Trainee: 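Structure provided below as structure tokens; questions to follow.
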There are 2 protein chains.
Amino acid sequence: MPPDRLPPLNSLRAFNAAARHMSFQDAAEELFVTPAALSYQIRQLEDHLGVKLFNRLNRAVELTEMGLLIAPGIREGFARLSKTMQQLERRKSSNVLVISAGPAITAKWLAPRLYRFVSKHPNIDARVSSSVKKVDLEEDDVDVAIRFGAGKYAHCRTEKLFDEYVTPMCSPALVNGDRPLRTPDDLKNHTLISDDTHVGFFDLADWNAWFEQAGVKDGNQGHGKLQFNVADHALDAAISGAGVVLGRTALAQGDLDAGRLVMPFDLKIKADFSFFLVYLESRAEDPNIRAFRDWLMDEIGGYATRETPGPAV
Amino acid sequence: MPPDRLPPLNSLRAFNAAARHMSFQDAAEELFVTPAALSYQIRQLEDHLGVKLFNRLNRAVELTEMGLLIAPGIREGFARLSKTMQQLERRKSSNVLVISAGPAITAKWLAPRLYRFVSKHPNIDARVSSSVKKVDLEEDDVDVAIRFGAGKYAHCRTEKLFDEYVTPMCSPALVNGDRPLRTPDDLKNHTLISDDTHVGFFDLADWNAWFEQAGVKDGNQGHGKLQFNVADHALDAAISGAGVVLGRTALAQGDLDAGRLVMPFDLKIKADFSFFLVYLESRAEDPNIRAFRDWLMDEIGGYATRETPGPAV
DNA sequence: TGGTCACTTAAAGAAAACTTAACTGAAGTG
DNA sequence: CACTTCAGTTAAGTTTTCTTTAAGTGACCA
């Protein structure tokens, strides 16, 4: 980057305020100076650039072509600086790390092991913001996000956590019970549990898709059905023996490891999407974010797959 | 936006230079001041924020946690301001509008009618940058782009120009010649022309796909084949009577209107992608960009479909 | 016609930023 | 082990820049 040769910064700030208010008076007020000072600043900028930025009308001002041209860029530049200073203020007082994740992954995966992160980093005040809504890392006060998706987010560094597979799962008691589960056909004797959390957000194989791949006709016409709109509730229902759930391996990990759930069949359908850790490229060196990322990678024992797409056409 | 209460801007600039160079000396040089001045500025910023930003080592400096936290944001903020001033410089001297478009759409659509834009806006120096490579509107010196895609680009305003369909096309002489083209089956008697320009960039129906939809078996085993790696060359070959091309309606528009090409069959396969005009959201009010956009919309006689996706997770 | 409103201008005063020059303390050098 | 060098610091004084005060302009409004 060459020596930038920027105009006097105070005059740029004055221009920014004036362009936003479309009034020198209001701008002067915002900056706690007299209108005279502001007028002088704008003129200084115009002289420096050799270009008129405002047309002075009788009792108003309007941006010239050139003013119109640079106003958005100047505004964004200062907004970026401003946001950055806010970040620092936030960090100065407390030491919060806001983690955004969907409800299911939070309940089944993140929350049960987050205590390890907190005890490893007692100075970091970790907060989980659990929501289905997409979160804007640049706007909302969120530091890192765990997202199920394709792993492409503008300006973000993303690291794959794990892939997702869909397969039937149930309580171990069910497998060898009075209606045993030996072949996919046996599923017709059981209540089929599912969830529609993802509908409208992303595609995920459903019972029909699984039965098709398993070569079972009319599998879905079986014993009964039970549907949830929160993924972890569906799993919990299966744990309690209510039936067989078409579960997601990543979410059910803990229950599978603990023996509360088993996968009676080999057939797993891989999802198009995976779980990713996402955070702003520009904040990759933030100590708190690094700490969380390192802990997370350690926790899953995998290594990172980095992808850093930028905005391109 | 509230009154920002930013720290002294000069001290921010000093911090930016120092953080980039990791050296007060070099930073001072960049800003054409003495090291003493720079030292003073950094201290001023630290005092203002109440936070140490650099650790002073014996003969070097290093960023503290807090310094590390804000450095990227500060840098980006100034980079934005800098880019904006560069834009103004560019516009001051000349009045260039750089249009980026793929080779085929340039040759067949844009170039033949761009003279109308230039004669309508004689003060604008329009330049076409024709390339297959993706262009970064924020980095490269490109003002607007015409792209074939899904119409989702970060930070960009996109307006749909037209959809794209794929269907056989040939010289009108061929249709009623000694090997007439009455039904899709007749294609077996003709040389099949195609292009693979798009391969690796996006999916587009090929001859196999078209034959399948037309219900023709083994259509592709016909008379002969001719393949190009530039889309407009394939069209030109068809115009000259070399055979039947699986043409793209948007690209062939001009040749179809002029009667140089005809579409012997009704079956058109719609492409997943469309042509879009793309430009940075922040430059939507740029007079040159507005002028081009308005002319373009006028030219196609359609109205705009605006989509402005931001970076979200 | 006279008052008001938004911005401008000029001169003087206040505040900031910069330089000079002397200082510190560690690393490299002979 | 002294001597030099090098990066950064500090303090005092100066220069530059910015800001205010106060008077001025010109269009709009009553």
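No experiment lies behind these values; they were computed from the predicted model shown. Note on naming: letters A, B, ... go to the chains in the order of the sequence lines (proteins, then strands), and numbering restarts at 1 for each one.
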Trainee: Not counting sequence neighbours, which residues clear side chain to side chain donor-acceptor pair (under 3.5 Å) with B:His48? List them please.
Mentor: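 So B:His48 forms no side chain to side chain donor-acceptor pair (under 3.5 Å) with any residue.
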Trainee: Would you call A:Ile74 and B:Met85 a side-chain contact if the rule is heavy atoms closer than 4.5 Å?
Mentor: yes
Trainee: Restricting to ring pair (Phe, Tyr, Trp, His ring centres under 6.0 Å), what partner residues turn up for B:Tyr40, sequence neighbours left out?
Mentor: none
Trainee: Does D:dT9 have OP1 or OP2 under 4.0 Å away from a side-chain N or O of B:Ser39?
Mentor: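 Result: yes.
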Trainee: Give the rounded distance in Å between these two atoms: CZ of B:Arg56 and C1' of D:dA7.
Mentor: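 Value for this atom pair: 12 Å.
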Trainee: Does C:dC18 have its OP1 or OP2 closer than 4.0 Å to a side-chain nitrogen or oxygen of B:Thr34?
Mentor: no
Trainee: Could you state the CZ-P distance from A:Phe54 to C:dT8, rounded to the nearest angstrom?
Mentor: 10 Å
Trainee: Calculate the interatomic distance between A:Glu29 atom CD and C:dC7 atom C1'; express it in whole Å.
Mentor: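 Rounded to whole Å, this separation is 15 Å.
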Trainee: Between B:Val33 and A:Pro35, just flag the one whose closest nucleotide in DNA chain C comes earlier from the 5' side.
Mentor: A:Pro35
Trainee: For nucleotides 22-30 of chain D, just jot down a letter per nucleotide in 5' to 3' order: B, S or -, based on protein non-hydrogen atoms under 4.0 Å.
Mentor: -----SB--
Trainee: Identify, with sequence neighbours excluded, every residue that meets side chain to side chain donor-acceptor pair (under 3.5 Å) alongside B:Arg113.
Mentor: none
Trainee: By side chain to side chain contact (heavy atoms under 4.5 Å, CB included), which residues pair with B:Asp47, not counting sequence neighbours?
Mentor: B:Arg43
Trainee: Rounded to the nearest Å, what distance is computed from the CG atom of residue B:Leu31 to the P atom of nucleotide C:dT19?
Mentor: 11 Å
Trainee: From CD of B:Gln44 over to C1' of D:dA11, roughly how many Å is that when rounded to an integer?
Mentor: 16 Å
Trainee: Quickly work out the A:Leu57 CG to C:dA6 P distance and round it to whole Å.
Mentor: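 Distance check: A:Leu57 CG to C:dA6 P gives 13 Å.
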Trainee: Check salt bridge (charged side-chain N to carboxylate O under 4.0 Å, His left out) between A:Lys92 and all other residues, then give those that pass, not counting sequence neighbours.
Mentor: A:Glu89
Trainee: Under 4.0 Å: is that the gap between some side-chain N or O of A:Gln41 and OP1 or OP2 of D:dT17?
Mentor: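 It does not, given that no N or O in the side chain of A:Gln41 lies less than 4.0 Å from OP1 or OP2 of D:dT17.
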Trainee: Starting from P on C:dT8, measure out to CG on A:Leu53 and report it in whole angstrom.
Mentor: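 Spelled out: CG on A:Leu53 to P on C:dT8 is 12 Å.
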Trainee: Starting at CD1 of B:Ile42 and ending at C1' of D:dA7, how long is that distance when rounded to a whole Å?
Mentor: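 Computing the B:Ile42:CD1 to D:dA7:C1' distance gives 14 Å.
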Trainee: If you assign each of A:Asn10 and A:Ser23 to its closest nucleotide in DNA chain C, which residue comes earlier from the 5' end?
Mentor: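 Counting from the 5' end, the first nearest nucleotide belongs to A:Ser23.
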Trainee: Show your reasoning for whether ring-ring contact (aromatic ring centres under 6.0 Å, His included) applies to A:Tyr279 and A:Phe292.
Mentor: CA-CA 11 Å; A:Tyr279 48 95; A:Phe292 184 73; 9.2 Å; no
